[in-house]
Amino acid sequence: MTISSLLMAALAKRQKMFVPVSLAETDCFRVFHGTVEGIDGLTIDRYGSTWLVQSFHQTVEEQVLAELSEVLSQHTLLPIVYNDRSKRNSRVLNALDLNVSDSAETAQVIRENEILFTSKLRHVGQDPWLFLDMRIGREFVKANSANKTVLNLFSYTCGIGIAAAVGGAKRVVNVDFSSFALKAGEKNAQLNNVVSQCEFIQSDVFPAIRQFAGLKVIARGNKKLPEYPKLSATQFDLVFLDPPRFAKSPFGTVDLINDYQSLFKPAMLATKKGGRIVCCNNVAKVEREQWYASLVRCVEKQGRSVSGHTWLTPHDDFPSFDGNHPLKIVVLEIT
């Protein structure tokens, strides 16, 4: 099949998402999930009033990009932004084209389930300001946060925290090391009139979560501790843990393959008895049931137990070959 026919088939599968009543509620979603739908490493998303094309394995040739643009424009005439992320660390490589510069660098407001989010498709970071495959997570949090206290770790632009606040949470604490991401989170709180419920803490997650858990803050490799915000031991009704695949800081190493527990243990200890912790792991080669079993063992080693669990699966605009999505999300009920 040609690239045009593959994209048209993907658009047809998502026809219901383009109905005006649906767009009025949610106007940001995955349009083409190339790994499953025909072209590995190519994704196309709709972010509000813009199409976003991204390539992760190799640069898209001009002719192919022209074919994609023609299909998208015939479907819905919107500006098209292409982000070439095919080199190391997935940084956006291509310089801004004159015909898309405004759409790429100008913030716009997008909607997901009637929640408003600020969006910018090129900025000082590398990812769009809202991860669309996490829609199911935001839906769960919104539906389960009424009158609850919520801790949102690795919050990025605070999509989870905003969903919690819109869902009626009485206190939402968002923690992330990035000041620009938290500023976008503050803007999201303003857009949804939930400023009074939300707190934004710029901090490495390791010292923040260890303090909330009542544990001593330690430095990686027994080096001198850098400065960090001082926080009081606190337990929350709902904790959301969505770390990156791998990262090093002076306080510890985030490693979702070999050491998820270094983050999960303090996050679980910061969860109230009878509360919930939502755990995310986006590494495809991590086997779902083995990962879940390791979480249960960690809970039990701390003298607590898992009284129930629920798996959250990304929506159909993020298809998988066999139902085993790379993004694994499990909600643990902790007693």
Side-chain angles (χ1 to χ4, degrees), residues 112-113 115 131 134-176 182 185-186 188-189 192-203 205-215 229-243 260-281 292 295-313 328-335:
E112 180 187 84
N113 294 317
I115 301 176
F131 290 109
M134 190 51 73
R135 185 164 76 248
I136 185 66
R138 290 184 286 270
E139 289 172 350
F140 176 86
V141 168
K142 179 184 176 183
N144 291 276
S145 293
N147 300 312
K148 302 289 179 61
T149 56
V150 177
L151 175 61
N152 181 23
L153 300 168
F154 298 99
S155 64
Y156 192 44
T157 57
C158 310
I160 290 292
I162 301 305
V166 172
K170 59 185 178 183
R171 182 191 182 196
V172 180
V173 178
N174 301 282
V175 181
D176 199 276
L182 290 175
E186 292 175 2
N188 289 334
N192 294 280
N193 299 312
V194 292
V195 173
S196 63
Q197 296 143 266
C198 295
E199 301 171 33
F200 305 90
I201 299 175
Q202 184 184 358
S203 173
V205 167
F206 276 106
I209 190 56
R210 291 187 69 85
Q211 289 178 92
F212 284 137
L215 300 173
K230 303 305 186 289
L231 305 167
S232 301
T234 309
Q235 288 189 316
F236 297 81
D237 297 302
L238 176 64
V239 175
F240 202 96
L241 178 62
D242 183 18
Y260 196 96
Q261 286 73 14
S262 64
L263 284 166
F264 174 69
K265 174 184 171 181
M268 181 269 298
L269 293 175
T271 306
K272 289 181 179 179
K273 184 176 182 179
R276 293 185 174 112
I277 178 168
V278 184
C279 303
C280 307
N281 192 317
Y292 168 72
L295 299 178
V296 174
R297 287 195 299 272
C298 185
V299 172
E300 293 175 345
K301 284 182 180 179
Q302 301 307 310
R304 302 180 69 176
S305 61
V306 176
S307 59
H309 73 280
T310 303
W311 289 99
L312 305 180
T313 303
K328 293 162 282 290
I329 310 172
V330 65
V331 183
L332 306 180
E333 299 170 19
I334 305 293
T335 57

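The figures that follow rest on heavy atoms only: side chains count, while hydrogens, waters and symmetry mates do not. The first residue of the sequence shown is numbered 1, and numbering continues consecutively from there.
Heavy atoms only, all atoms of each residue included: Pro266 and Ser262 are closest at CD-O, 3.3 Å. When every heavy atom of Cys280 is checked against every heavy atom of Ile329, the shortest pair comes out as SG-CG2, 4.0 Å. Of all the heavy atoms in Ile115 and Ala163, the pair that sits closest is CD1-CA, 4.0 Å. Heavy atoms only, all atoms of each residue included: Gly137 and Ile160 are closest at C-CD1, 3.8 Å. For the residue pair Met268 and Gln302, the shortest heavy atom distance occurs at CE-CG, 3.5 Å. Among all heavy-atom pairs drawn from Phe154 and Asp176, the shortest one is C-OD2, 3.4 Å.
Residue Thr271 holds its OG1 atom at 12.0 Å from CD of Glu333, rounded to the nearest 0.5 Å. For the atom pair Leu151 CG and Ile201 CD1, the distance stands at 8.0 Å (nearest 0.5 Å). The CG atom of Asn281 lies 12.0 Å from the CZ atom of Phe264; values are rounded to the nearest 0.5 Å. Between Ser155 atom OG and Asp242 atom CG the span is 10.0 Å, to the nearest 0.5 Å. Between atom CD1 of residue Ile162 and atom SG of residue Cys198 there is a gap of 4.5 Å, rounded to the nearest 0.5 Å. The distance from atom CG of Leu241 to atom CD1 of Ile277, rounded to the nearest 0.5 Å, is 5.5 Å.
In this structure, the side chains of Val299 and Ile334 come closer than 4.5 Å at one or more pairs of heavy atoms. Residues Val175 and Asn152 form no side-chain contact, since every pair of their non-hydrogen atoms from C-beta on lies 4.5 Å or further apart. Residues Leu295 and Val330 are in side-chain contact: their nearest non-hydrogen atoms beyond the backbone lie under 4.5 Å apart. Within the 4.5 Å cutoff, the side chain of Tyr292 has heavy atoms near those of the Leu332 side chain. Using a 4.5 Å heavy-atom cutoff, the side chains of Leu153 and Ile209 are in contact. Using a 4.5 Å heavy-atom threshold, the side chains of Thr234 and Arg171 count as touching.
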Problem - Candidate pair Val172 and Phe240, rule side chain to side chain contact (heavy atoms under 4.5 Å, CB included), full reasoning - result: CA-CA 11 Å; Val172 180; Phe240 202 96; over 6 Å; no
Exercise for the section: Could you please spell out the steps behind the ring pair (Phe, Tyr, Trp, His ring centres under 6.0 Å) verdict for Phe131 and Tyr156? Expected result: CA-CA 10 Å; Phe131 290 109; Tyr156 192 44; 5.3 Å; yes
Handout entry: Candidate pair Val278 and Leu238, rule side chain to side chain contact (heavy atoms under 4.5 Å, CB included), full reasoning
Key = CA-CA 8 Å; Val278 184; Leu238 176 64; 3.9 Å; yes
Exercise for the section: Show your working on side chain to side chain contact (heavy atoms under 4.5 Å, CB included) between Val239 and Arg276 and close with a plain yes or no. Expected result: CA-CA 6 Å; Val239 175; Arg276 293 185 174 112; over 6 Å; no
Exercise for the section: Could you give me the CA-CA distance, side-chain angles and deciding distance for Leu263 and Val205, then say whether side chain to side chain contact (heavy atoms under 4.5 Å, CB included) is met? Expected result: CA-CA 9 Å; Leu263 284 166; Val205 167; 4.1 Å; yes
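No donor-acceptor pair closer than 3.5 Å links the side chain of Gln211 to the backbone N or O of Ala233. No donor-acceptor pair under 3.5 Å is formed between the side chain of Gln202 and the backbone N or O of Leu182. Side-chain N or O atoms of Asn193 include none that pairs as donor or acceptor with a backbone N or O of Ala189 at under 3.5 Å.
A donor and an acceptor atom, one from each side chain of Asn113 and Glu139, are located under 3.5 Å apart. For the residue pair Thr335 and Ser305, a side-chain donor N or O sits within less than 3.5 Å of a side-chain acceptor on the partner.
Checking each of Asn144, Asn147, Thr149 against Asp237 for a side chain to side chain contact (heavy atoms under 4.5 Å, CB included) leaves exactly one that passes, namely Thr149.
Annotation: Lys273, atom NZ; neighbour count of heavy atoms from other residues, nucleotides and ligands within 6.0 Å does not exceed 12.
Between Phe212 and Phe236, the gap from one ring centroid to the other is short of 6.0 Å.
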